[in-house]
Amino acid sequence: MRGQRLFVRPIEGSDRPEVVEFLKTYTDTAEAPAWGLLGKLVGRLVAVVAMEITSDAVRIDDIVVAGDLRRKWIGRAMLREAAELARKIDKPQLLVTDARGADEFLRRVGFEQDGAQWTRRVG
């Protein structure tokens with residue numbers, strides 16, 4: 001992966017079949033998110049962030065990184081892009097309501113636990 005650049009962009013309608021196959025491979029989800037970001041390395045789909053824009057935040061519903069590429073900063077890069085999106089649309093924070101066992105990862109990337117949810121200021 002060293003030297004390769006992660007290409008991140010919003011999920012489009014034409015991406016849905018590829019996203020569904022990716023999610024089936026790495027999770028128990030069989031549906032593409034209504035809104036989110038995808039990450040590609042050399043044309044290969046390697047990450048998906050499912051999200052929703054709320055009145056005061058960008059809510060991250062799920063982050064999925066290809067199993068063979070975990071711990072290679074791809075999840076961090078995807079969250080960096082989500083934070084940049086939140087800044088561009090004037091949302092002051094990223095919000096995760098269901099960490100699904102990713103507590104340590106969220107803590108490492110700057111989220112703070114607030115009860116059952118995790119938040120990260122972006123502004």
Side-chain angles (χ1 to χ4, degrees):
M1 183 178 131
R2 187 169 293 280
Q4 296 176 3
R5 184 164 173 84
L6 182 68
F7 178 69
V8 180
R9 66 173 173 78
I11 296 172
E12 299 173 352
S14 61
D15 298 319
R16 299 234 179 263
E18 183 180 19
V19 169
V20 166
E21 283 306 310
F22 176 81
L23 293 174
K24 280 183 187 177
T25 302
Y26 296 106
T27 68
D28 57 357
T29 303
E31 286 186 39
W35 205 90
L37 300 173
L38 61 79
K40 289 190 171 193
L41 279 176
V42 193
R44 175 184 167 207
L45 180 60
V46 297
V48 171
V49 176
M51 59 178 59
E52 182 178 330
I53 298 171
T54 66
S55 62
D56 63 343
V58 172
R59 189 180 78 214
I60 308 291
D61 294 324
D62 204 0
I63 303 171
V64 180
V65 176
D68 59 325
L69 294 173
R70 291 189 181 142
R71 298 193 160 276
K72 302 213 182 288
W73 291 61
I74 292 172
R76 287 177 185 256
M78 296 298 289
L79 284 177
R80 198 170 36 248
E81 291 292 328
E84 184 61 32
L85 172 69
R87 271 191 284 285
K88 285 180 181 177
I89 60 173
D90 295 323
K91 302 297 180 186
Q93 64 184 352
L94 295 178
L95 176 67
V96 177
T97 55
D98 183 1
R100 297 183 191 155
D103 297 355
E104 186 55 37
F105 169 72
L106 292 171
R107 191 174 287 109
R108 280 194 315 263
V109 296
F111 281 79
E112 294 180 3
Q113 192 166 15
D114 181 20
Q117 65 185 15
W118 292 81
T119 59
R120 176 175 152 193
R121 306 278 316 155
V122 295

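The structure presented is a predicted model; accordingly, all values stated were derived computationally and were not measured.
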Enumerate donor-acceptor pairs with a distance under 3.5 Å from any side-chain N or O in residues 111-123 to protein atoms, sequence neighbours excluded.
from	atom 1	to	atom 2	distance (Å)
Q113	NE2	G115	O	3.3
R120	NH1	V109	O	3.3

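- At a threshold of 4.5 Å between side-chain heavy atoms, the hydrophobic network of Ile, Leu, Val, Met, Phe, Trp and Tyr places V46 and V20 in two separate groups.
- The shortest non-hydrogen separation linking A99 to L106 is CB-CD1, 3.8 Å.
- Sorted by first then second residue, the ring pair (Phe, Tyr, Trp, His ring centres under 6.0 Å) pairs that include residues 86-106, not counting sequence neighbours, number zero.
- Linking Ile, Leu, Val, Met, Phe, Trp and Tyr whenever their side-chain heavy atoms come within less than 4.5 Å puts L6 and V49 in one cluster.
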Below 3.5 Å, can you tabulate the donor-acceptor pairs from side chains in residues 25-43 to any protein atom, sequence neighbours excluded?
from	atom 1	to	atom 2	distance (Å)
T25	OG1	E21	O	2.9
T27	OG1	L23	O	2.6
T27	OG1	T29	N	3.0
K40	NZ	E18	OE1	3.3

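- The CE atom of M78 sits 9.0 Å away from atom CD1 of I74, with the distance rounded to the nearest 0.5 Å.
- Partners of R16 under the salt bridge (charged side-chain N to carboxylate O under 4.0 Å, His left out) rule, at least two apart in sequence or in another chain, do not exist in this structure.
- Legend: side-chain hydrogen bond (donor to acceptor under 3.5 Å, both in side chains) pairs involving residues 78-93, not counting sequence neighbours, sorted by first then second residue: E84-R87.
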Review item, side-chain donor-acceptor pairs of residues 57-65, under 3.5 Å, at least two apart:
from	atom 1	to	atom 2	distance (Å)
R59	NE	D61	OD1	2.7
R59	NH2	E52	OE1	2.6
R59	NH2	D61	OD1	3.2
D62	OD1	R100	NH1	3.4
D62	OD2	R100	NH1	3.1

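- Using a 4.5 Å cut-off on side-chain heavy atoms (C-beta onward), L94 and V96 make no contact.
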